[in-house]
Colleague: 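For reference, the structure I am asking about is given below.
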Number of protein chains: 2
Amino acid sequence: MNVADRRQSLRDGLIAAAEQAIAADGLAGLRARDLAKQVGCALGAIYNVFADLDELILAVNARTLAALEQDLAAARPDGGDPVGHLVALALAYTDFAAAHMLRWRAVFDHRLPRGRSVPDWFVSEQGRLFDFVAAPLRELRPGTGPEEHALLARSLFSAVHGVVVLGLEEKLQAMPLGVLRRQVVTVVTAVARGLRETA
Amino acid sequence: MNVADRRQSLRDGLIAAAEQAIAADGLAGLRARDLAKQVGCALGAIYNVFADLDELILAVNARTLAALEQDLAAARPDGGDPVGHLVALALAYTDFAAAHMLRWRAVFDHRLPRGRSVPDWFVSEQGRLFDFVAAPLRELRPGTGPEEHALLARSLFSAVHGVVVLGLEEKLQAMPLGVLRRQVVTVVTAVARGLRETA
């Protein structure tokens, strides 16, 4: 392997190891020392391929978002009804969160140190998720402009996120997944119908 | 002061200092050493009145929930319309979160070490907040049973929480408060109307 290949291979190995560690123990348990040990490199070698642990975490979180995006892209009901489409997206989101809880939490819980902002590529990665919600919204509210669709897509995405995050919260006694899914269906169906009504 | 009064006064002082620190710098910056310095006690004295820093944080978070509860109790529209009541509650929640962002985040971000669960008094404190949402829901869906009302109250609370938490998220470029409030009104009005429709 040449130098560039070795760098890439170390990068990939570290991302995979960090992803595994986050999936097993969450963000709080992530230690550079453990990762170096797992991929068999010196501790300092990590910082040849990532500026710091935060950059590595961002790379893991981007992979999580990409996996979620695949699931959302697959969530299209047969009929093409926008209410059904929104419900299918919300259920895909719920199932993804339940199946990959700690990886999913890491996306939202990770905070960069003060003064550093999230790179643009990461923000647009997240923004692409909202676009899935904007498509059925355009059908529900054809009279509304694209800016309002974008805002509302983010808000609906966030509403479902809230139902899922607090529904799965152990501090509040987590809802069984079946109960949570029914709640998601009830809330999203209601909001979609309510939005259509006012269009 | 007798011993009990001194203990109480130290407790109150530490809670006030921790609340101030969280309000200024968030949960992550909280250090026992700084708190001891601020209230003028020895570091070890903290652990005479709190088992650990987590117990102190729970006490701060309980105060935050109590303050939020006061604002929700005051959010009653004149007319008594359940849709308007839900919107008023959601706006009170939004305004509280925006005004006390870091204290509010601490309630949701705080995690106890593995294996320890949140005390019952804290869970029921949080549960009381959902009850505010259950009241207008009973009017919107008189044919639904109390268990479903309780579940749905938690879900609607969570939906608004999600809209607010991601709406104010700097990582996604925070919405200006006026924009966020309009989004909250749109989503909550839609969901309330949608729920009434299906009742």
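Residue numbering restarts at 1 for every chain, and letters A, B, ... go by the order of the sequence lines.
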Colleague: Say whether A:Val160 and A:Leu129 are linked into one hydrophobic cluster, either directly or through other cluster members, by side-chain heavy-atom distances under 4.5 angstrom.
Modeller: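 Result: yes, single cluster for both.
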Colleague: For the residue pair A:Ala190 and B:Val191, what are the closest heavy atoms and their distance?
Modeller: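 Residues A:Ala190 and B:Val191, closest heavy atoms: CB-O, 3.7 Å.
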Colleague: Is it the backbone or the side chain of A:Ser155 that comes under 4.5 Å from a heavy atom of chain B, or both, or neither?
Modeller: both
Colleague: Pick from A:Gly167, A:Gly127, A:Ser117: which one has the most heavy-atom pairs with chain B under 4.5 Å?
Modeller: A:Gly167
Colleague: Could you tell me which of B:Glu148, B:Gln173, B:Gln126, B:Arg111 has the largest number of non-hydrogen atom pairs under 4.5 Å with chain A?
Modeller: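 Max contact count across the listed options: B:Arg111.
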Colleague: Is A:Phe108 close to chain B through its backbone or its side chain, or both, or neither, when contacts mean heavy atoms under 4.5 Å?
Modeller: both
Colleague: Quick one: which of B:Arg182, B:Glu169, B:Arg154 has the most heavy-atom pairs under 4.5 Å with chain A, could you say?
Modeller: B:Arg154
Colleague: Pick one of side chain, backbone, both or neither for B:Arg116, based on which atoms fall under 4.5 Å of a heavy atom in chain A.
Modeller: neither
Colleague: Taking atom CG of A:Asp120 as the centre, report whether more than 12 heavy atoms of other residues, nucleotides or ligands fall under 6.0 Å from it.
Modeller: no
Colleague: Between B:Leu65 and B:Leu56, is there shared hydrophobic-cluster membership here, with clusters defined by ILVMFWY side-chain heavy atoms closer than 4.5 Å?
Modeller: no
Colleague: Counting only non-hydrogen atoms closer than 4.5 Å, does B:Val187 touch chain A with its backbone (N, CA, C, O), its side chain (CB onward), both, or neither?
Modeller: both
Colleague: Tell me, out of B:Asp109, B:Val123, B:Leu152, B:Leu180, who's got the most heavy-atom pairs with chain A below 4.5 Å.
Modeller: B:Leu152
Colleague: Counting only heavy atoms not in B:Glu55 (residues, nucleotides, ligands), do more than 12 fall under 6.0 Å from its CD?
Modeller: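 Yes, enclosed.
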Colleague: Where on A:Val118 is there a heavy atom nearer than 4.5 Å to chain B: the side chain, the backbone, both, or neither?
Modeller: side chain
Colleague: What residue, out of B:Thr186, B:Asp25, B:Leu156, B:Leu151, has the most heavy-atom pairs lying under 4.5 Å from chain A?
Modeller: B:Leu151
Colleague: Is it the side chain or the backbone of B:Val107 that comes within 4.5 Å of chain A heavy atoms, both, or neither?
Modeller: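 Contact with chain A involves the backbone of B:Val107 alone.
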Colleague: Side-chain heavy atoms under 4.5 angstrom apart, residues restricted to Ile, Leu, Val, Met, Phe, Trp, Tyr: same cluster for B:Leu91 and B:Val164?
Modeller: yes
Colleague: If you count every heavy atom of other residues, nucleotides or ligands that lies below 6.0 Å from B:Arg105 atom CZ, does the total exceed 12?
Modeller: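 Yes, the 6.0 Å shell around CZ holds more than 12 heavy atoms from other groups.
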Colleague: Same cluster for A:Leu102 and A:Leu166 if Ile/Leu/Val/Met/Phe/Trp/Tyr side chains link at under 4.5 Å?
Modeller: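 The answer is no; the residues belong to distinct hydrophobic clusters.
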Colleague: Test of understanding: clusters of I, L, V, M, F, W, Y form through side-chain heavy atoms closer than 4.5 Å, transitively. Do A:Val184 and A:Val83 belong to the same one?
Modeller: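 Linked, A:Val184 and A:Val83 end up in one cluster.
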Colleague: Is it the side chain or the backbone of A:Val179 that comes within 4.5 Å of chain B heavy atoms, both, or neither?
Modeller: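 Side chain of A:Val179 only, per the 4.5 Å heavy-atom cut-off to chain B.
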Colleague: Given that the side chain runs from C-beta out, which part of A:Val163 has a heavy atom under 4.5 Å from chain B: side chain, backbone, both or neither?
Modeller: both
